[in-house]
Number of protein chains: 2
Amino acid sequence: MGQIDLRVVKTKEALHIALLTLLKNKPLEAISISEICRIAKVNRGTFYLHYAQVGDLFEEYFKEIMDDLATSYHEPYRYVAKLNPRELNPSTIRIFHHVEKYKDYYRIILSKNVPLTYYYLLLEEVKNLLTGNLEKDYRKEGEIDLKWQASYAANAILGLIIQWYQDDFEQKANYLNEQLVKILRLT
Amino acid sequence: MGQIDLRVVKTKEALHIALLTLLKNKPLEAISISEICRIAKVNRGTFYLHYAQVGDLFEEYFKEIMDDLATSYHEPYRYVAKLNPRELNPSTIRIFHHVEKYKDYYRIILSKNVPLTYYYLLLEEVKNLLTGNLEKDYRKEGEIDLKWQASYAANAILGLIIQWYQDDFEQKANYLNEQLVKILRLT
DNA sequence: ACTTTTATTGTACAACTGTTCATTAAATTT
DNA sequence: AAATTTAATGAACAGTTGTACAATAAAAGT
């Protein structure tokens with residue numbers, strides 16, 4: 001009655017470990033399927049049984065990161081941030097601490113030779129976090145499509161994260177918080 | 001005294017035409033160098049003499065698009081937009097008309113399997129356009145790093161463009177203008 | 001027109017990709 | 001414990017990649 005065949009679990013694990021090992025020495029886009037399989041001691045055909053690209057394997061880590069992002073966002077503060085930028089509260093700002101924690105992964109996700117997929121997944125996640133807070137007073141505001149407002153605000157925050165990444169995360173997460181608060185107060 | 005060897009001009013032209021032809025039928029990431037050379041009737045080795053990847057060839061179109069973006073942004077209005085979102089004026093909004101005009105290219109640039117490079121180039125361009133207007137009163141505001149403010153605002157606008165792309169550009173550029181104005185007025 | 005320069009070609013090579021298929025072996029089911 | 005299911009393997013194939021080098025031919029310079 002075991003849901004998944006043990007063999008599958010083992011090979012996936014071996015592939016995961018192999019990818020992590022390789023990522024220490026070279027960028028994601030320079031890692032070949034053959035290389036991963038050689039290290040994992042898994043037949044190359046078996047790789048294709050589970051994934052189509054190296055990226056699909058990486059995406060499985062990505063989901064864990066997105067889970068942490070969601071909990072990072074929700075846990076520390078219980079009160080609700082409004083999407084309306086001027087009234088965005090500090091809970092939103094937990095995002096930067098999460099990024100700091102996972103900066104090694106964000107360095108991969110945001111590197112220029114990697115496909116946009118991960119960026120879109122990240123954007124979607126941030127959008128969901130923001131709109132989760134907005135939905136309550138959605139009907140009040142009405143006139144502006146929630147969609148546009150969420151896309152605007154979520155990507156704005158990612159803009160700060162991109163800038164941070166391009167500075168090789170040299171600032172502290174708290175500095176990012178300050179900048180965001182200043183930008184929002186300015187409006 | 002001709003700066004560039006005519007042979008180079010010819011082969012580059014042939015490669016450009018070949019890429020455009022292929023792009024009508026398949027996505028950028030599915031186009032191989034061999035395929036381009038076959039159609040262009042150019043030796044594959046010659047391709048590597050000028051470019052390293054298919055993307056480098058595509059990037060040459062990209063530069064033209066960025067030029068149009070800059071002129072689209074500057075030409076229609078002469079008065080200056082401030083970066084401060086609440087006071088952003090309609091000239092910024094010319095961006096959406098530019099995107100509408102080049103939507104076929106933006107569909108490529110923003111497709112999920114394409115590397116982030118183009119997105120970063122686009123972001124950089126929008127940032128430059130925005131900061132060009134801000135630099136004047138930069139010394140007045142002082143406290144907030146221009147960098148963070150520009151990254152925030154520029155990527156926010158790209159957020160709207162991403163949303164628009166994901167809706168397959170079904171709205172008119174003017175609708176995007178309205179949404180942006182509403183979002184900015186809200187703050 | 002002739003010479004020089006250099007872009008392009010053709011060929012070759014090792015490695016990777018994506019796919020197929022029969023065989024083997026490891027799990028699961030009874 | 002035996003039978004059944006199915007994941008993993010190994011081998012093979014055509015195609016792509018990136019690189020190298022000598023031969024060729026097309027521009028540019030004189």
Side-chain angles (χ1 to χ4, degrees), chain A residues 1-61 108 111-118, chain B residues 1-61 108 111-118:
Chain A
M1 228 206 168
Q3 300 274 36
I4 318 155
D5 196 310
L6 267 183
R7 290 170 291 184
V8 176
V9 178
K10 285 179 191 168
T11 54
K12 284 198 172 187
E13 201 174 286
L15 291 172
H16 274 117
I17 292 169
L19 177 56
L20 277 189
T21 307
L22 287 167
L23 276 173
K24 284 172 190 159
N25 300 316
K26 50 170 84 179
L28 185 63
E29 73 273 11
I31 297 172
S32 70
I33 293 172
S34 303
E35 215 172 356
I36 295 173
C37 294
R38 224 176 293 130
I39 292 180
K41 293 191 207 310
V42 163
N43 191 278
R44 197 164 57 86
T46 310
F47 180 96
Y48 287 105
L49 238 44
H50 300 293
Y51 310 100
Q53 314 157 354
V54 177
D56 296 340
L57 184 56
F58 180 74
E59 217 166 289
E60 296 189 343
Y61 300 111
I108 297 168
S111 68
K112 69 181 178 45
N113 291 315
V114 139
L116 266 169
T117 329
Y118 310 119
Chain B
M1 225 200 165
Q3 300 274 35
I4 318 153
D5 196 310
L6 269 181
R7 289 170 292 184
V8 176
V9 178
K10 284 179 193 168
T11 53
K12 284 199 172 188
E13 202 176 287
L15 290 171
H16 274 117
I17 293 169
L19 177 55
L20 277 189
T21 307
L22 286 167
L23 276 173
K24 285 172 190 159
N25 300 316
K26 51 170 83 178
L28 185 62
E29 73 272 11
I31 296 172
S32 70
I33 293 172
S34 303
E35 214 172 356
I36 294 172
C37 294
R38 226 176 291 130
I39 291 179
K41 294 191 205 311
V42 163
N43 190 278
R44 197 164 57 86
T46 309
F47 180 96
Y48 286 104
L49 238 43
H50 299 293
Y51 311 99
Q53 314 157 355
V54 177
D56 296 340
L57 185 56
F58 180 73
E59 218 166 288
E60 296 190 342
Y61 299 111
I108 297 168
S111 68
K112 69 182 178 43
N113 291 314
V114 139
L116 266 169
T117 328
Y118 310 119

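All chains are named by letter (A, B, ...) in the order of the sequence lines, taking the proteins before the strands, and each is independently numbered beginning at 1. Everything quoted here is computed from the prediction, not taken from an experiment.
Between Lys10(B) and dA27(D), a side-chain N or O to OP1/OP2 separation shorter than 4.0 Å is present. Residue Thr11(B) has a polar side-chain atom (N or O) positioned under 4.0 Å from OP1 or OP2 of dT8(C).
Note that the NZ atom of Lys112(A) and the CG atom of Leu116(B) stand 10.5 Å from one another [nearest 0.5 Å]. Taken to the nearest 0.5 Å, the OG atom of Ser32(A) stands 6.0 Å off from the CZ atom of Arg38(A). One distance of note links CG of Leu15(B) with CD1 of Ile39(B); it measures 11.0 Å at 0.5 Å rounding. Remark: Tyr48(A) OH to Asp56(A) CG distance equals 11.0 Å, nearest 0.5 Å. Residue Ile17(A) holds its CD1 atom at 12.0 Å from CG of Leu22(A), rounded to the nearest 0.5 Å. One finds the CD1 atom of Ile36(A) at 10.0 Å from the CG atom of Leu20(A) (value rounded to the nearest 0.5 Å).
A heavy atom closer than 4.0 Å to some atom of DNA chain C occurs in Lys41(B), Val42(B), Asn43(B), these being the qualifying members of residues 28-43 of chain B. Heavy-atom distances under 4.0 Å link DNA chain C to Thr46(B), Leu49(B), His50(B) of residues 46-58 of chain B, given in residue order.
Tested against Leu28(B) for a side-chain contact (heavy atoms from CB on, under 4.5 Å), the candidates Val114(B), Asn113(B), Leu57(B) yield a single pass: Val114(B).
Atom pair Leu6(B):CG and dT6(C):C1' shows a separation of 13 Å (rounding to whole Å applied). Counting to the nearest Å, the C1' atom of dT9(C) and the CG atom of Asp5(B) are 15 Å from each other. If you take CZ of Arg44(B) and P of dA20(D), they are 13 Å apart, rounded to a whole angstrom. Rounding to whole angstrom units, NZ of residue Lys12(A) and P of dA7(D) are separated by 11 Å.
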Can Glu35(A) and Lys26(A) be said to form a side chain to side chain contact (heavy atoms under 4.5 Å, CB included), step by step? CA-CA 12 Å; Glu35(A) 215 172 356; Lys26(A) 50 170 84 179; 2.7 Å; yes
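Closest heavy-atom contact between Cys37(A) and Arg44(A): SG-CA, 3.7 Å.
Between the Tyr118(A) side chain and the Gly55(A) main chain, a donor and an acceptor come within less than 3.5 Å of each other. Of the possible polar contacts, none joining the Tyr51(B) side chain to the Phe58(B) backbone as a donor-acceptor pair under 3.5 Å is found.
For the helix from dT3(C)-dA28(D) to dT30(C)-dA1(D), the rotation axes defined at the first and last 5 base pairs enclose an angle of 30°, given to the nearest 10°.
With hydrogens and angles ignored, no donor-acceptor pair closer than 3.5 Å exists between the side chain of Arg7(B) and the base of dA27(D).
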